[in-house]
Each structure stands twice: as structure tokens, then as C-alpha cells.
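None of the values given here were measured: they were computed from a predicted structure.
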Amino acid sequence: MSNLQKLILEAKNGLSVQERIPDNKWLEIAELCGPAEIAEIEFRIENLRAGLVSVEKWDGDTQDDINLAIYKFKQLLDAAKAHNK
């Protein structure tokens, strides 16, 4: 398990299955990201974009979920890069 995966799991600790990670927890994760985590975030975004292409047009729920994940990871990436300047 990568360090990024561990950080995300820790942020989910105590949340119900339906709850999303709060924005303040994403910022905490970003502060703990180094070059390896930034590279993994970029890789995850690209994989999500590639997966989005294969989703059937009628499956709007899955498209929404993937787009939300891309959005959250882009925010995480921006915050992590800003923290690592």
C-alpha cells in the first residue's frame, strides 16, 4: 500500500460509507504529500480520465462519480504542489 493510500484511508477513518472526506482532511493530506505522492496523484487522475472514456453514455451516475474523483484529486494535486514549492 502506498503512502498516499494510507493517508486517504486515515482521512476516511470514522466516516460512514456514504460520507465523503471533508475538504479540511484533503488539505491535511496535501501537506503530507511529497514528490512520490504527487506523481501517484497525477497517475490516478490519468487513470480516472482513461476509465471515464469507457463508461457507457447512459451511465450518468458512474460518470458523475469518476468526475468527482478527478475533481478531488486535481484539488489535492494543486494543494500538494503549492505546499511543495
K.L.:
Restricting to non-hydrogen atoms, name the atom on A79 and the atom on L27 that form the minimum distance, rounded to 0.1 Å.
P.N.:
CB-CD2, 4.1 Å
K.L.:
Run the numbers on K74 and E42 for salt bridge (charged side-chain N to carboxylate O under 4.0 Å, His left out), then give the verdict.
P.N.:
CA-CA 8 Å; K74 285 171 85 176; E42 292 171 334; over 6 Å; no
K.L.:
Is there a path of hydrophobic side-chain contacts, each under 4.5 Å between heavy atoms of I/L/V/M/F/W/Y residues, joining L15 to L7?
P.N.:
yes
K.L.:
Just by distance, do the side chain of H83 and the backbone of A30 share a donor-acceptor pair under 3.5 Å?
P.N.:
no
K.L.:
Any side-chain to backbone donor/acceptor pair from E37 onto G34? Under 3.5 Å, distance only.
P.N.:
yes
K.L.:
Say you draw a straight line from CD1 of I66 to CG of N47; how long is it, rounded to the nearest 0.5 Å?
P.N.:
11.0 Å
K.L.:
To the nearest 0.5 Å, what is the distance between OG1 (T62) and CG (L52)?
P.N.:
10.0 Å
K.L.:
Suppose the criterion is salt bridge (charged side-chain N to carboxylate O under 4.0 Å, His left out): which pairs have a residue in residues 3-13, not counting sequence neighbours?
P.N.:
none
K.L.:
Answer with yes or no whether the hydrophobic clustering places L4 together with L32; edges join I, L, V, M, F, W, Y residues whose side-chain heavy atoms lie under 4.5 Å apart.
P.N.:
yes
K.L.:
Only pairs at least two apart or in different chains count here, so list each salt bridge (charged side-chain N to carboxylate O under 4.0 Å, His left out) that has a residue in residues 49-72.
P.N.:
D23-K72, E46-R49
K.L.:
Measuring from atom CD1 of I8 to atom CG of L76, what distance do you get when rounded to the nearest 0.5 angstrom?
P.N.:
6.5 Å
K.L.:
Measuring from F43:CZ to L48:CG, what's the distance to the nearest 0.5 Å?
P.N.:
10.0 Å
K.L.:
Roughly how far, to the nearest 0.5 Å, is the CD1 atom of I45 from the OH atom of Y71?
P.N.:
12.5 Å
K.L.:
Work out which heavy atom in W26 is nearest to a heavy atom in I21; give both atom names and the distance.
P.N.:
NE1-O, 3.3 Å
K.L.:
Check for a donor-acceptor pair, side chain of N84 on one end and backbone N or O of P35 on the other, with a separation under 3.5 Å.
P.N.:
no
K.L.:
With sequence neighbours excluded, what pairs up with E40 under the salt bridge (Lys or Arg N to Asp or Glu O under 4.0 Å) test?
P.N.:
R44
